[in-house]
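This report refers to the structure that appears directly beneath it.
Within every chain, numbering begins at 1; the chains are lettered A, B, ... in the order of the sequence lines, protein sequences first and strands thereafter.
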2 protein chains.
Amino acid sequence: MTLDAVAREAGVSLATASRALNGTTRVRDDLRGRVRAAADLLGYIPNAHAQALASAEGNRTVGLICHDVGDPYFAGIASGVMRAAAEQDLLVMLASTFREPAREIAYVSMLRAQRARAILLIGSGFQDRAWERAMDAELEPYVRAGGRVAVVSRHRSMRVDTVQPENRAGAAALAASLVALGHRDFAVLSGPPELTTVADRLTGFREGLAAAGITLRRVVRGAFTREGGHAAARQLLAAGDARPTCVFAVTDVMAVGALAALREAGVRVPEDMSLAGFDDIPVVREVSPPLTTVALPLTEMGEQVIALALRTPSRAGRSRVLRIEGNVVLRGSTGAPPRS
Amino acid sequence: MTLDAVAREAGVSLATASRALNGTTRVRDDLRGRVRAAADLLGYIPNAHAQALASAEGNRTVGLICHDVGDPYFAGIASGVMRAAAEQDLLVMLASTFREPAREIAYVSMLRAQRARAILLIGSGFQDRAWERAMDAELEPYVRAGGRVAVVSRHRSMRVDTVQPENRAGAAALAASLVALGHRDFAVLSGPPELTTVADRLTGFREGLAAAGITLRRVVRGAFTREGGHAAARQLLAAGDARPTCVFAVTDVMAVGALAALREAGVRVPEDMSLAGFDDIPVVREVSPPLTTVALPLTEMGEQVIALALRTPSRAGRSRVLRIEGNVVLRGSTGAPPRS
DNA sequence: CTGAAAGCGCTTACAG
DNA sequence: CTGAAAGCGCTTACAG
């Protein structure tokens with residue numbers, strides 16, 4: 001079914017049929033009626049590709065690139081993006097990179113080919129000069145051609161709009177709260193150091209401790225997953241030296257894994273050891289004890305990043321940074337340190 | 001940057017440039033080299049819309065419609081779809097209906113306009129004649145025009161490929177296992193009855209009980225969410241009559257909410273009451289006690305549904321149904337009934 | 001308000 | 001193997 005067939009059925013020209021259906025220009029009521037009826041009758045569905053090609057408007061799709069929709073952190077943000085997109089009749093093209101930097105760049109390229117109206121990059125970038133250059137080379141022509149880019153949790157040299165959780169400040173505030181509980185001896189379960197989010201949270205936590213004159217004793221590195229947190233916690237416990245009284249996992253996903261590892265090792269939380277995470281993904285309220293964390297409004301962040309991308313660019317073309325404060329939420333997984 | 005510019009830069013015709021880049025036809029090596037160099041130099045990115053319009057192949061996108069990516073059940077399946085799509089260089093257009101039947105049909109229409117190669121419908125359909133008719137009217141012309149449709153958890157009159165979890169058999173097996181633990185007095189926390197999945201699980205559970213000569217005493221209906229499970233459990237406890245010894249929530253998401261409600265009410269699980277769910281979403285292993293459930297291989301199901309959609313249709317054009325067995329996994333949330 | 005026509009950026013028979 | 005040209009299905013100045 002093409003528009004041409006609809007026009008013929010309605011006895012009008014192609015141009016009139018197009019205008020009647022899109023409502024851009026005035027069309028005589030009876031003609032519009034005939035066209036609509038013909039379209040209904042034939043079950044006409046416009047070809048979005050032809051529309052995108054012919055019109056200046058471009059198409060109604062946005063691209064969303066994240067590390068993994070299966071991860072509750074990204075699922076939360078994606079959910080917010082979906083909600084906002086639905087309200088604006090936008091279709092979302094979703095890409096999961098599974099944390100492969102090269103794949104992320106390839107997806108941007110595919111999204112450019114699709115002439116996506118906007119590209120949303122969700123989740124920490126990689127601290128890697130070559131990768132950054134390649135990414136910029138991909139993004140710059142896209143933006144120059146009118147494409148919109150907005151990111152979550154990413155430091156950009158480029159002028160793109162950003163939703164930036166205050167990772168550093170949040171981690172520092174968490175450290176302060178933990179110190180206030182009486183802890184002096186900390187370990188961090190950390191993720192891949194090339195992720196900027198990891199670096200920021202680690203730095204912030206260190207700063208928070210330093211403000212109280214405390215030095216972070218130990219950092220164990222793990223994968224950015226539940227299993228990574230589990231393994232890191234086991235490694236921490238296996239080490240011969242005295243155990244810290246409090247452990248900070250840089251993401252809730254890791255913290256959940258760590259909690260399981262502690263339980264398996266017979267370490268009571270928080271009696272023997274306190275545990276905290278970051279993000280406030282839904283699951284942390286369901287575990288026992290519920291996890292102390294730094295809460296980020298994930299769904300909202302998703303809504304905000306797409307709003308940022310779609311807003312009419314400021315005359316100056318300056319990029320905007322929306323800072324998202326992280327709120328420390330003390331729950332059952334943290335308490336006073338055990339008396340030694 | 002258009003192909004035309006690339007051709008000019010390389011000093012060849014448009015046709016040759018196209019062929020050199022797509023590798024469909026033989027092109028003299030030196031020419032191919034020049035075209036590639038020119039494309040690189042100019043940062044050429046093909047226009048997918050023009051390609052889709054001009055070629056018979058159609059575009060490399062598939063549509064994925066689910067109720068909500070924010071829900072771990074759908075996130076799990078979506079994750080599997082994404083993985084498989086990535087391997088085949090396919091882009092996924094994601095749609096969340098937030099359980100509005102009308103929105104689902106609207107999305108199918110949008111996906112048709114995008115000329116998606118395949119449309120994947122994930123999650124229970126609605127038992128509603130008018131809706132089914134409208135959906136079929138949308139899908140039928142799409143399939144006739146060569147579109148591929150595959151669904152998860154959906155009864156179809158239409159001939160579409162289906163990944164079908166054995167909801168009924170799984171629930172029946174669960175009931176048998178629970179009876180084997182000694183329970184005789186059951187309640188079910190159920191979801192919206194118009195969802196076929198709910199109906200199937202409820203029926204199966206009843207059948208499983210019936211096989212042991214037991215009648216289901218109580219069904220409490222709730223929303224298909226964590227909060228719905230929480231509310232339903234509260235309602236169950238609030239009822240004056242004697243409490244059942246074992247509760248089955250038709251989805252894990254609801255079961256997690258119910259577990260929280262029981263805890264809040266001081267009901268010990270499983271000492272005072274056993275609790276089971278269905279799906280085996282990741283979170284159920286993290287809660288305390290971990291939930292007994294009927295396990296479904298979510299990621300795999302995602303991979304299978306897209307594989308089904310993309311496979312070359314059988315000569316007979318018959319639809320295929322892939323039955324997925326649910327495995328009862330007994331965990332800490334179920335035990336012997338309390339002695340009365 | 002309406003229509004004939006050009007053009008969006010490609011692919012692909014069809015000749016050479 | 002290569003090129004000129006038609007055509008994919010629309011939108012939108014440009015005349016009327």
Side-chain angles (χ1 to χ4, degrees), chain A residues 1-36 38-39 42-61 109-110 112-117 141-142 145-147, chain B residues 1-36 38-39 42-61 110 112-117 141 145-147:
Chain A
M1 275 313 90
T2 66
L3 224 207
D4 194 62
V6 174
R8 223 159 18 216
E9 172 76 26
V12 300
S13 74
L14 220 204
T16 298
S18 171
R19 291 192 274 248
L21 258 22
N22 297 321
T24 44
T25 323
R26 286 249 62 80
V27 173
R28 231 168 58 209
D29 282 358
D30 59 323
L31 291 193
R32 180 200 314 287
R34 264 157 54 194
V35 172
R36 291 220 173 125
L42 300 177
Y44 171 69
I45 296 225
N47 183 320
H49 298 301
Q51 289 188 144
L53 201 54
S55 82
E57 294 273 290
N59 63 147
R60 303 199 62 78
T61 65
S109 185
M110 289 179 78
R112 285 179 64 193
Q114 298 289 338
R115 300 301 186 262
R117 178 173 297 213
Y142 174 70
Chain B
M1 275 314 89
T2 65
L3 224 207
D4 194 62
V6 173
R8 223 157 19 215
E9 172 75 25
V12 301
S13 74
L14 219 203
T16 299
S18 172
R19 291 193 274 247
L21 259 23
N22 297 322
T24 45
T25 323
R26 287 249 60 80
V27 173
R28 229 168 59 210
D29 283 357
D30 58 324
L31 291 192
R32 180 201 314 287
R34 264 155 56 194
V35 172
R36 291 220 173 123
L42 300 177
Y44 170 69
I45 297 225
N47 183 320
H49 298 302
Q51 288 187 143
L53 201 54
S55 83
E57 294 273 291
N59 63 147
R60 303 198 62 77
T61 64
M110 288 179 78
R112 286 179 63 193
Q114 298 290 338
R115 300 301 187 263
R117 178 174 296 214

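- In this structure, CD1 of A:I45 is placed 14 Å from C1' of D:dG9, rounded to the nearest angstrom.
- With hydrogens and angles ignored, a donor-acceptor pair closer than 3.5 Å exists between the side chain of A:R19 and the base of C:dG3.
- In this structure, B:R115 and B:A15 both approach DNA chain D, and ranking their closest nucleotides by distance from the 5' end singles out B:A15.
- If you take CG of A:L3 and P of D:dC8, they are 14 Å apart, rounded to a whole angstrom.
- The two atoms that bring A:E9 and A:A38 nearest to each other are CG-CB, 3.5 Å, heavy atoms only.
- In this structure, CG of A:L21 is placed 8 Å from P of D:dT11, rounded to the nearest angstrom.
- Taking atom CG on B:N59 and atom P on C:dT11, their separation rounds to 13 Å, with Å as the unit.
- In the set D:dA4, C:dG9, D:dT12, the nucleotide with an atom closest to the side chain of A:S18 is D:dT12.
- The C1' atoms of C:dG16 and C:dT12 are separated by 16 Å, rounded to the nearest whole Å.
- In this structure, of D:dC10, D:dT2, C:dG3, it is C:dG3 that holds the atom nearest to the side chain of A:S13.
- Pairing of C:dA13, defined by two Watson-Crick or G-U wobble distances under 3.5 Å, is not identified with any nucleotide.
- Ranked by how close their nearest DNA chain D nucleotide is to the 5' end, B:L14 and B:L31 are led by B:L31.
- Of the candidate nucleotides D:dT11, D:dG3, C:dC10, D:dT11 has the atom lying nearest to any side-chain atom of A:Q51.
- Taken from CG in A:L31 to CZ in A:R36, the straight-line distance is 12.0 Å, to the nearest 0.5 Å.
- Remark: C:dA4 base-pairs with no nucleotide; criterion is Watson-Crick or G-U wobble with both hydrogen-bond distances under 3.5 Å.
- Note: NE2 (B:H49) to C1' (C:dC10) measures 12 Å, nearest angstrom.
- Atom P of nucleotide D:dG9 and atom CG of A:L42 are separated by 14 Å, given to the nearest angstrom.
- Not one N or O on the side chain of B:H49 forms a donor-acceptor pair closer than 3.5 Å with the backbone of A:A50.
- Taking atom CD of residue B:Q114 and atom C1' of nucleotide D:dG9, one finds them 14 Å apart after rounding to whole Å.
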- Task: Evaluate the criterion side-chain hydrogen bond (donor to acceptor under 3.5 Å, both in side chains) for residue pair B:T2 and B:D4; output intermediate values, then yes/no.
- Result: CA-CA 5 Å; B:T2 65; B:D4 194 62; 4.9 Å; no

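- Atom CZ of A:R28 and atom CZ of A:R34 lie 7.5 Å apart (nearest 0.5 Å).
- Between the CG atom of A:N47 and the C1' atom of C:dG9 there is a distance of 14 Å, given to the nearest Å.
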- Query: What do the steps show when you test A:Y44 against A:L21 for side chain to side chain contact (heavy atoms under 4.5 Å, CB included), and what is the final call?
  - Reply: CA-CA 11 Å; A:Y44 171 69; A:L21 258 22; 3.8 Å; yes

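- Listed nucleotides D:dT11, C:dC10, C:dC8 differ in distance to A:L53; the shortest reach to its side chain belongs to C:dC8.
- The side chain of A:T16 has C:dT2 as its nearest neighbour among D:dT11, D:dA5, C:dT2.
- The phosphate of D:dT11 has OP1 or OP2 within less than 4.0 Å of a side-chain N or O from A:N22.
- In the set C:dC10, D:dT2, D:dT11, the nucleotide with an atom closest to the side chain of B:R28 is D:dT2.
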